[in-house]
Protein chains: 2
Amino acid sequence: MGQKGAETRARILDATQELVEAGGYSGAGLNQVIAASGAPRGSLYFHFPEGKDQLVGESIRRAGQAIGAAFEDLAASGASAAEFAEGVLRHLGDRLEASGWSKGCPVATVALEMAAVSDPLQQACSEVYASWEAALRERLAGRRDADDLAVTVLALIEGALLLAKAHRSREPLDRVTGQLAALLR
Amino acid sequence: MGQKGAETRARILDATQELVEAGGYSGAGLNQVIAASGAPRGSLYFHFPEGKDQLVGESIRRAGQAIGAAFEDLAASGASAAEFAEGVLRHLGDRLEASGWSKGCPVATVALEMAAVSDPLQQACSEVYASWEAALRERLAGRRDADDLAVTVLALIEGALLLAKAHRSREPLDRVTGQLAALLR
DNA sequence: AAAAATATGTAGACCGATCTATTTAGGAGC
DNA sequence: GCTCCTAAATAGATCGGTCTACATATTTTT
């Protein structure tokens, strides 16, 4: 793939992620993706010949990797588990508020919309969550109930992010931060 | 409103809730609602003259009240806070699994899809969550950090339900149950 | 109580807009 | 010269929503 092609491909994925985060899988039309990315229709189906499912699936996996990498950076920074949790929640809160309460978890909306109706997208979401769970498990290794704790931390983050987006307010994130830090102390 | 009218109205709301839980706001078409409820198009717009937004908004509020009432029943049953949490998670897990991983939280999908794009639906979701938070706050009254704790419990439940649906598995609910009980002990 | 009038609800054809996807053609880069 | 990629017209289906005609209750009038 040439350089130009790779760029349009990335622009299409960027636009897709943005639109899907704002309005979900069904809410994000391919016409909007085309308009937002500036790429013509033909390019979209050249780079993603299997259509919308492939496009959104790749977009989710890419976002999952990016966030997973941020997790691991923060985990490797030597911060305590509680500081780590605070950092994650603050970072996600900043992103959510700065986007006008649009960008929460890039996976959650699609997961809820598609888990019951699309096998490939359910699988993509499940795998991204599993990778985050594994990263948290590793960060918490050695603790009692590390496996349960990792899932609990992820659930708490996802739930807080959901409530914050629903209320269009950081309050749920702030309230949860203290409790999460206490849980990890 | 006559008896017959009230029945079709309820059938339309039932079908809407089912379809929205499975595929989200944009994923649930009015044609599907009509087919599933057996009501003709004219009846839909007679009972919900403001269209899809009104229909889904009422559906969410109705589901919110039903679950809120179940919360309060369980809270009034004399169970401890930890038992209460276990009961809620078990009940939600049963519902989720029995529906083929379709019925999680009836509000969450719409909240994530619409919070950034529709003021009336964002408000409806926010109000339902606020009512649940209030119910939990009351159940936890007297505790230290009762307000933070109520939001945390709700976030944990919502997050666990999201992960369970995404993985099509009760495992996240089971893992979180123990941690939530410990948090409330 | 019978009949007329009004409100309530049902039924589906129809509309323009938008959806995802295909196709055919040509330009850009190696 | 040949692959890679762009460009847009087009197709058929489905979308939310409107409209008119009709049926069924419910009330009003006589």
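Order of the sequence lines sets the chain letters (A, B, ...), proteins ahead of strands, with each chain counted from 1.
- Taking all atoms of both residues into account, the shortest heavy-atom contact from A:A164 to A:L96 is CB-CD2, 3.6 Å.
- Per the geometry, NZ belonging to B:K52 stands 9 Å off P belonging to D:dC15, to the nearest Å.
- A:R9 has its CZ atom 14 Å from the C1' atom of D:dC4, to the nearest Å.
- In this structure, A:F46 places its CZ atom 14 Å from C1' of C:dG27, rounding to the nearest Å.
- Following chains of ILVMFWY side-chain contacts shorter than 4.5 Å, one cannot reach A:M114 starting from A:V33, and the two form parts of different hydrophobic clusters.
- Between the CG atom of B:L55 and the P atom of D:dC15 there is a distance of 14 Å, given to the nearest Å.
- Nucleic acid contact class of A:G51 (heavy atoms, under 4.0 Å, all strands): sugar-phosphate only.
- A:L13 pairs with exactly one of A:E58, A:E18, A:H47, A:R61 by the side chain to side chain contact (heavy atoms under 4.5 Å, CB included) rule, that one being A:E58.
- Residues of residues 107-123 of chain B that place a heavy atom closer than 4.0 Å to DNA chain D do not occur.
- Although no hydrogens or angles enter the test, the distance criterion places a donor-acceptor pair under 3.5 Å between the side chain of B:T152 and the main chain of B:D148.
- Summarising the geometry, the separation between CG on A:L44 and C1' on C:dC19 is reported as 14 Å, rounded to the nearest angstrom.
- Atom-to-atom, OH of A:Y45 to C1' of D:dA11 comes out at 13 Å; the value is rounded to the nearest Å.
- A distance of 4.0 Å separates CD1 in B:I34 from CZ in B:R41, rounded to the nearest 0.5 Å.
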Would you list the atom pairs, donor with acceptor, under 3.5 Å between side chains in residues 176-185 of chain B and any protein atom, with sequence neighbours excluded?
unit_1: B:T177; atom_1: OG1; unit_2: B:L173; atom_2: O; d: 2.6

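- Below 30°, between 30° and 60°, or above 60°: for A:H167 and B:Y129 the angle between ring planes is above 60°, a perpendicular geometry.
- Atom-to-atom distance recorded for A:I60:CD1 and A:Q17:CD is 9.0 Å, nearest 0.5 angstrom.
- Put simply, A:T8 has a side-chain N or O that comes within less than 4.0 Å of OP1 or OP2 on D:dT6.
- Using modelled atom types, no side-chain atom of A:S59 and backbone atom of A:L55 make a donor-acceptor pair closer than 3.5 Å.
- For B:H47, a side-chain nitrogen or oxygen approaches OP1 or OP2 of C:dT10 to under 4.0 Å.
- Taking atom CD of B:E50 as the reference point, atom P of D:dT18 lies 11 Å away to the nearest angstrom.
- Annotation: proximity of residues 18-41 of chain A to DNA chain D (heavy atom, distance under 4.0 Å) is found for A:P40, A:R41, numbered in ascending order.
- Regarding B:E7, its CD atom lies at a distance of 16 Å from the P atom of D:dT24, rounded to whole Å.
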